[in-house]
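Sharing a structure with you now.
As the structure is a prediction and not an experimental result, all values here were calculated from the model. Every chain is numbered from 1, with letters handed out A, B, ... down the list of sequences.
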Amino acid sequence: MYTEKVMDHFENPRNVGEIENPDGVGQVGNPTCGDIMKIYLKVKDNVIEDVKFKTFGCGAAIATSSMVTEMVKGKSLDEALKISNKMVAEALGGLPPKKMHCSNLAADALQAAIQDYMDKQEKK
Amino acid sequence: MYTEKVMDHFENPRNVGEIENPDGVGQVGNPTCGDIMKIYLKVKDNVIEDVKFKTFGCGAAIATSSMVTEMVKGKSLDEALKISNKMVAEALGGLPPKKMHCSNLAADALQAAIQDYMDKQEKK
Amino acid sequence: MRRVYFDHSATTPVRPDVADEMCAFLKENFGNPTSLHYFGRQARKEVEAAREKVAAAIGATPNEIVFTSGGTESDNMAIHGVAMINKNKGNHIITSAVEHHAVINTVKALGKEGFTVTILPVDKYGMVSVDDVAAAITDKTILITIMHANNEVGTIMPIKEIGSLARSKGITMHTDAVQSFGKIPFSVEELGVDLLTISGHKIYGPKGVGALYIRKGTRWKQSLFHGGAQERLRRAGTENVPGIVGLGKAAELAIRDLQSEAEHLKALRDRLIHEVTTKIDYVKLTGHPTMRLPNHASFTFEFIEGESMLLSLDLKGVAASSGSACTSGSLEPSHVLLAMGIPHEIAHGSIRITLGRDNTMEDIDYFLEIMPPIVNRLRAMSPLDQE
Amino acid sequence: MRRVYFDHSATTPVRPDVADEMCAFLKENFGNPTSLHYFGRQARKEVEAAREKVAAAIGATPNEIVFTSGGTESDNMAIHGVAMINKNKGNHIITSAVEHHAVINTVKALGKEGFTVTILPVDKYGMVSVDDVAAAITDKTILITIMHANNEVGTIMPIKEIGSLARSKGITMHTDAVQSFGKIPFSVEELGVDLLTISGHKIYGPKGVGALYIRKGTRWKQSLFHGGAQERLRRAGTENVPGIVGLGKAAELAIRDLQSEAEHLKALRDRLIHEVTTKIDYVKLTGHPTMRLPNHASFTFEFIEGESMLLSLDLKGVAASSGSACTSGSLEPSHVLLAMGIPHEIAHGSIRITLGRDNTMEDIDYFLEIMPPIVNRLRAMSPLDQE
Ligand SMILES: Cc1ncc(COP(=O)(O)O)c(C=O)c1O
Ligand SMILES: Cc1ncc(COP(=O)(O)O)c(C=O)c1O
Ligand code: FES
Ligand code: FES
């Protein structure tokens with residue numbers, strides 16, 4: 001049911017883990033519904049220098065988390081903000097219809113992390 | 001679905017035909033319902049000397065007609081009157097449940113033929 | 001004893017190619033197609049390949065095909081599902097008097113649950129008239145279900161005309177194509193139907209599997225089985241994978257060979273019909289003389305009864321039937337023949353000879369040799385007036 | 001790659017003996033059992049022989065067995081048929097929260113059609129309490145339907161006690177024995193049930209065939225399919241003869257081997273359960289520790305999600321599932337685990353290992369070798385607090 005690309009990201013997820021003292025953190029989902037994604041950002045000069053994730057969820061959830069981190073690493077925040085769930089799914093060669101919402105989660109977690117970074121910047 | 005006995009009587013029916021100047025004739029059923037049995041009797045000293053049948057109907061109808069004629073040939077009218085549809089079916093080694101009514105027809109045709117003989121006697 | 005099978009409308013032998021494919025499958029590929037793992041995916045692949053074959057065979061897209069346990073389930077599912085979803089829109093259903101029991105009994109059951117039913121008559125050939133359909137339509141009509149070809153008398157109905165009429169009125173149209181599929185060419189587009197029933201065991205495929213075509217966008221809902229989410233929620237229950245594989249293969253081969261088979265069958269059939277109707281007295285062909293299935297010959301023999309003919313033929317090794325396999329077990333004469341205006345006593349003397357791909361001209365010759373004495377013997381036993 | 005099949009509750013491979021018999025049948029004996037002629041009678045003989053085998057396997061008489069297209073159809077047919085015939089007598093149906101969807105969705109659908117439904121809770125082991133059943137009974141209760149063994153957690157229900165309770169109150173009792181049949185010994189007499197469901201593909205038989213036991217004298221009517229007069233008017237549609245033959249054979253063999261299989265399976269299962277629960281942290285066995293199917297082990301692994309475990313196992317060649325095959329395709333956690341009081345986030349981390357006759361201790365060893373690193377890897381990826 002999953003594409004080779006999905007399985008590759010599931011088996012060898014990129015950027016798993018946490019960043020100590022991150023510049024931004026985003027978390028979406030909750031354990032009751034069975035999916036949680038957490039994304040950590042390190043930002044320098046408006047560019048995402050480093051990104052890591054932790055995910056509790058299905059295979060698609062793990063693969064989309066991995067893919068989204070790969071897609072934004074080295075990108076400017078403006079570029080990163082343009083990443084939609086559709087783009088994530090496409091980058092993985094597609095997802096089964098039932099699993100499209102998993103890609104939502106990944107994009108949402110990223111947006112949340114960027115928002116968190118921006119909020120923190122404002123407060124400075 | 002039919003016993004060997006039924007098939008034997010179907011394949012080699014005994015006493016098929018008509019009797020010229022019969023002493024009694026019985027006919028039951030009608031072509032609309034798909035079954036007609038006609039039994040001809042020759043009676044002497046209250047004994048059935050000869051009996052013949054003609055039948056329009058299913059395999060069971062033909063076999064029960066044949067069997068009933070065989071059962072009554074040479075019997076006294078009193079004995080013949082005791083022949084029930086159950087006895088005919090049993091003599092054939094049984095009939096499928098759906099086909100039990102065919103044995104009714106045969107016994108009924110016999111009774112009708114005897115009745116016809118008796119009616120004629122009375123009128124003499 | 002020589003054995004001749006002449007009852008292909010009741011069921012067909014499984015083609016060796018189909019049986020081989022199914023057997024390989026039975027032994028090796030056993031997964032549940034719903035399972036996510038390797039074994040499940042292997043099974044899923046085959047189910048989807050079969051779906052593509054069935055879809056291609058009737059000119060549909062794979063998503064429009066739902067696998068079922070057979071023609072009976074497909075008919076029930078089609079009719080009930082359209083009735084249930086449309087019951088607030090209308091309650092009138094049109095069918096014909098010569099449908100298979102799977103259709104007519106389903107429609108009649110709905111008739112007891114508040115639906116209004118029109119059962120259209122047929123002409124002496126068993127044909128429904130398009131004008132009758134048009135006249136029966138009301139603004140409450142939600143479904144027209146009329147078979148493509150009749151199982152008892154082989155008549156092919158004007159489904160194309162009825163289909164376009166239905167479409168022009170926005171009425172959902174179902175056809176039972178169990179007998180026509182694989183025997184005459186058609187596509188769902190050409191017929192203009194919204195739902196169409198097929199069955200595996202009538203096309204040299206396995207028993208216990210069938211399909212329902214449901215055109216994309218058709219107002220229909222699953223209303224028979226509750227359970228798992230199989231077949232995209234359109235049919236609950238673990239898929240009969242080997243059966244589905246067999247149906248796919250059988251459908252593919254049936255379409256591939258349709259043209260050449262039809263020629264072969266027509267040659268046999270035409271000789272059979274010609275010889276029987278000329279060599280035996282008081283015999284009539286039932287069904288339409290030309291608009292009929294290529295493998296189908298059906299007759300009435302006056303003064304004698306069908307079952308006794310069948311038994312006599314069986315004793316000589318010939319397997320035929322008198323109407324449908326279902327009615328063979330019952331005592332009433334065929335509802336199809338009665339609807340065609342054939343009197344009861346004559347309807348009782350019906351015989352159906354349905355040919356198949358393995359039949360030969362020798363089979364026909366054999367039948368023509370044994371049938372006249374059978375008829376003579378039974379007529380000699382018949383009390384009916386024969387002048 | 002080593003391939004280990006651990007999903008026998010989803011479906012089983014067809015036993016070679018069964019497949020051989022079916023294949024011979026597919027190729028040679030193709031008649032329609034309703035047909036009167038030779039070919040029909042040959043098929044009929046085999047159908048009735050299979051019916052005797054199935055009847056013998058559950059201690060019933062052959063007339064009490066109706067063949068269907070599978071467990072889902074049998075469940076639907078049982079429940080709907082009892083509801084329809086008794087609707088003037090009463091309208092209350094009792095079931096449990098852990099039934100298969102084929103039962104619970106059917107009962108819920110009746111709940112929308114004027115029936116009152118009681119869905120009994122279960123304890124933390126997934127067990128229904130007999131007292132709860134007794135307390136739920138009203139003078140309107142017409143049907144109790146509670147499964148014999150649960151497919152997701154393997155718990156065996158006190159059907160004998162519930163059956164005799166139902167009988168003492170004159171209430172019809174149905175049990176879904178799809179998972180227990182062939183795995184634990186029982187007879188319909190001993191269980192005291194009026195209707196009982198079995199399915200071919202769970203006992204090393206074919207998919208697409210099942211049976212419903214209907215005790216003589218039970219108030220039940222055919223209410224799903226309309227059509228021909230097959231199965232003594234209890235199930236319309238041409239019989240799936242090869243499937244039925246396969247089911248008969250599979251049932252016979254399952255009962256013959258039940259005792260020895262059960263010992264083999266229990267040895268594997270017990271080692272599996274012991275090792276998993278001692279070697280891996282934050283793991284719990286789900287279902288009853290002793291009143292469970294001999295081949296059934298099911299667990300929850302905290303902090304991680306089921307599908308990702310299944311995918312990881314699959315990459316190593318191990319086929320397992322997380323609950324039922326039906327729910328594997330869905331996003332909600334199992335209704336069974338939730339009914340047992342397991343919190344959502346833990347229910348999401350469930351895995352079911354169901355063993356079969358071809359599994360070996362090496363298969364268990366292999367699983368025990370690969371599972372801990374999988375759990376570790378996924379837990380390392382999990383954002384949930386793990387102290
Ligand atoms: C026209 C027609 N419809 C439906 C059916 C039923 O199909 P099945 O036997 O697969 O249930 C048949 C055959 O029996 C048929 O001839
Ligand atoms: C307990 C139970 N009931 C019913 C079914 C449905 O049976 P089938 O797959 O034959 O439709 C299953 C299996 O899926 C089951 O485990
Ligand atoms: S994250 Fe919910 S199913 Fe994939
Ligand atoms: S005489 Fe009517 S069915 Fe036999």
Whatever's closer than 4.5 Å to a heavy atom in chain C on D/Phe225 counts as both

Review point. With no hydrogens and no angle check, is any side-chain donor or acceptor of D/Lys27 less than 3.5 Å from a backbone partner on C/Asp20?
Key: no

Exactly one of C/Thr145, C/Val103, C/Ile198 clears side chain to side chain contact (heavy atoms under 4.5 Å, CB included) with C/Asp176, and that residue is C/Val103

Mutual orientation of the aromatic rings belonging to D/Tyr204 and D/His8 [parallel < 30°, tilted 30-60°, perpendicular > 60°] = tilted

Of the listed D/Glu73, D/Met77, D/Glu239, D/Arg15, the one with the largest count of heavy-atom pairs under 4.5 Å with chain C is D/Glu73

Cut-off 4.5 Å, heavy atoms of chain D, and the answer for C/Ala43 is neither

Heavy-atom nearest pair, C/Ile203 first then C/Thr12, reads N-OG1, 3.7 Å

Bottom line for C/Asn240: the part with an atom under 4.5 Å from chain D's heavy atoms is both

Practice problem: Check the side chains of C/Ser321 and D/His37 for a donor-acceptor pair under 3.5 angstrom, ignoring hydrogens and angles. | Solution: no

Residue from D/Pro16, D/Ala102, D/Pro33 scoring the most non-hydrogen pairs under 4.5 Å with chain C is D/Ala102

Most heavy-atom pairs under 4.5 Å with chain D, out of C/Leu224, C/Asn76, C/Val18, belong to C/Asn76

Among D/Ala319, D/Ala19, D/Gly237, the residue with the most heavy-atom pairs under 4.5 Å to chain C is D/Ala319

Ion pair check, C/Asp7 and C/Arg352, cut-off under 4.0 Å: yes

Of D/His226, D/Met22, D/Lys108, D/His80, the largest count of non-hydrogen pairs under 4.5 angstrom with chain C goes to D/His226

Over 60° means perpendicular and under 30° means parallel, so classify the ring planes of D/Phe39 and D/Phe30, tilted if in between. tilted

- Query: For the residue pair D/His101 and D/His335, does the interplanar ring angle fall in the parallel (under 30°), tilted (30 to 60°) or perpendicular (over 60°) class?
  - Reply: tilted

Bottom line for D/Asn105: the part with an atom under 4.5 Å from chain C's heavy atoms is both

Most contact-rich option vs chain D, by heavy-atom pairs under 4.5 angstrom, among C/Val209, C/Val14, C/Ile104, C/Thr238, is C/Thr238

Highest number of heavy-atom pairs under 4.5 Å with chain D among C/Gly246, C/Gly40, C/Ser69 belongs to C/Ser69

